[in-house]
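What follows is a single structure, written as structure tokens, with notes after it.
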Protein chains: 2
Amino acid sequence: MRKKNSNPTMKDVALEAGVALGTVSKVINGLPVGEEYRQKVESAIKKLNYQVNSYAQGLKANRTNTIALLVPNTINPFFGNLVNCITVALSKRHYHTLLCCTDYRQDLENKYIAMVKRKQVDGIIGLTYNPNLRVDENTPFVSIDRCLGPTIPCISSDNFAGGQIAAEKLASLGCRHVAFMRIGSSLTNEPNKRKSGFENGCMISGMTYENCLLEDGTSMEDFYRFLQEHYSGGKLAFDGIFCATDTTAYYILQCLRLLNVKVPEEVQVIGFDGVRILSEFGFVCSTIVQPVEDIAEMCVEMIHQENMSTKPPLICLPVHYEPGGTTRD
Amino acid sequence: MRKKNSNPTMKDVALEAGVALGTVSKVINGLPVGEEYRQKVESAIKKLNYQVNSYAQGLKANRTNTIALLVPNTINPFFGNLVNCITVALSKRHYHTLLCCTDYRQDLENKYIAMVKRKQVDGIIGLTYNPNLRVDENTPFVSIDRCLGPTIPCISSDNFAGGQIAAEKLASLGCRHVAFMRIGSSLTNEPNKRKSGFENGCMISGMTYENCLLEDGTSMEDFYRFLQEHYSGGKLAFDGIFCATDTTAYYILQCLRLLNVKVPEEVQVIGFDGVRILSEFGFVCSTIVQPVEDIAEMCVEMIHQENMSTKPPLICLPVHYEPGGTTRD
């Protein structure tokens, strides 16, 4: 057994473990190596109390083992869930997550794009709504929910199918005249396909429908006004409502309570996202569940691809319906 | 005007801005410098397209401008809100957030403590429930909600006062016999003071009370059983309930609906946290609001203190009550 008082080097670790220097390097950098070798190296590192110098390591390998994760915030339960799953997925691959809550600010998003160029992070997984964001093809960037260009892979739920599933479910539960309610950016992005899918599903099922679309920045109270306008004689004009998010559905349910419209007896409501908000127990409403863990895994998988430009520009992952008490099933 | 095709250096920036090299260094490292100088340097950096080499910078300054943030997850809405505020507070000071969702795993927490030692991050802001976590006094660590020792500052809400405020509010709204409901670790931590404060408030107000305390890992359904046991002849034994978190309150409200007990007519419910879950519009219940932004600011303030051992070991920030529809106010 070697004894050293000064800081041990990588060579000391290799000697202690009885393996080649390259094997030690692989283990330290999280590269694939036989399990037996990995264990030998890790116990040698522990025994010698070898401390990896990250800066020297970064300079040498030109990698930081760090991915920047850009989201508008972590307060919205869908974003919170997404950040959690991506962080866990990166951690499993011995990668760190540099989190930035952008609050939709493009200057912050650009700052992180510059960080990739300066090799301060290896790449970016980002959920951005800025129409003017420019990401060149040499920047490892995986986008969530918005296509930034043919060379930047975008990972998303199958939003179109989700909208269609919601319409078909409402139809199968007896609805005849339904409404679609959405607040948010009218920018071309993946979630906006929920509307097209829903309209398609309505047409297939022979249901009539109306849209209530609020722009970002307007007040959700306009939803309440819309419902009031379609309420007379103690009766709502719709027997089904599809909301673009569970958050919207939560608000609509409050409005319906104020109007004394019974859910699901008089009107059935389906949301979108499927985050188990506030707890481990149940959804806020019947909902189209996004596969958040699969989206996270796919983002992490894609950001590690060497040549992203050969990858499909858009990958849509399957959603499914779950009843949550606001429909008659 | 200088024109250079090769990569510009810090000296080039100083020359372009007409300032000393040290001033450029200060701006790059986020140290205090006159606003006028900062602007000169920043426009020179922009003009020359100067790219800071972070690794070289890190090696030189021995700082990473990065703080590790450890939380169990970002799914729980209180944690999600906390992560958001801390990330924003760090970003304002030109610091990055390295996020780790620990899922209560101590091995991950220890990994980040080792990262501070290896100078991969400058310090840690952590919310940990592990009783065996050892943080030595040379590790810049700011703890949230749990005291780790006299040399590690702990930032928390004034949980005791919050419990007392809840009791006094229920008493002032006419309650006579109340219940306290909590699920979670019985480990000594700051949030557990909510119970002591509540009991104190009950005694001061002359209310009688009962506790329903569930250990981590047990099912929340035991709350329902407890309520059933205290329900007979169409009447609940309590006229007020204080829940240790809004999440618990949300569950209790569901139980009360099942039992056909009217809120707030028959029983009034107060939660704790005050996160506006699911939206920007209103709380889930009447609640004791934690000052999440102030907690975040204080954590960031403390982690930047040079000598943390001279700082108070526990800082409790003021909470306040907000009605949210589950009390008669």
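Side chains are part of it too, since the values below use all heavy atoms of this structure and drop only hydrogens, waters and symmetry mates. Owing to the predicted nature of the structure, the values given are computational and were not obtained by experimental measurement. Labels below follow one simple rule: chain letters A, B, ... track the order of the sequence lines, proteins then strands, and each chain is numbered from 1.
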In terms of heavy-atom proximity below 4.5 Å to chain B, should A:Leu90 be classed as side chain, backbone, both, or neither? neither
Which heavy atom in A:Thr87 sits nearest to a heavy atom in B:Cys100, and how many Å separate them? CG2-CA, 4.1 Å
What is the minimum heavy-atom distance between A:Thr74 and B:Asn84, and which atoms define it? N-OD1, 2.9 Å
Rounded at 0.5 Å granularity, tell me how far CG in B:Asn81 sits from CG in A:Asn76. 12.0 Å
With sequence neighbours excluded, residues passing salt bridge (Lys or Arg N to Asp or Glu O under 4.0 Å) with B:Glu293: none
So which atom in B:Ser91 and which in A:Leu108 form the shortest heavy-atom distance, rounded to 0.1 Å? OG-CD2, 4.0 Å
Given A:Val88, A:Val83, A:Leu99, the one with more heavy-atom pairs under 4.5 angstrom with chain B than any other is A:Leu99
For residues 255-265 of chain B, tabulate all N or O donor-acceptor pairs below 3.5 Å that involve a side-chain atom, not counting sequence neighbours.
none

Name the region of A:Tyr95, side chain, backbone, both or neither, that has any atom closer than 4.5 Å to a heavy atom of chain B. neither
Against chain B, label A:Thr245 side chain, backbone, both or neither, depending on which of its atoms sit under 4.5 Å from a heavy atom there. neither
For B:Thr97, which atoms come within 4.5 Å of any heavy atom of chain A: side chain, backbone, both, or neither? both
With a cut-off of 6.0 Å (strictly less than), are more than 12 heavy atoms of other residues, nucleotides or ligands near CD of B:Glu221? no
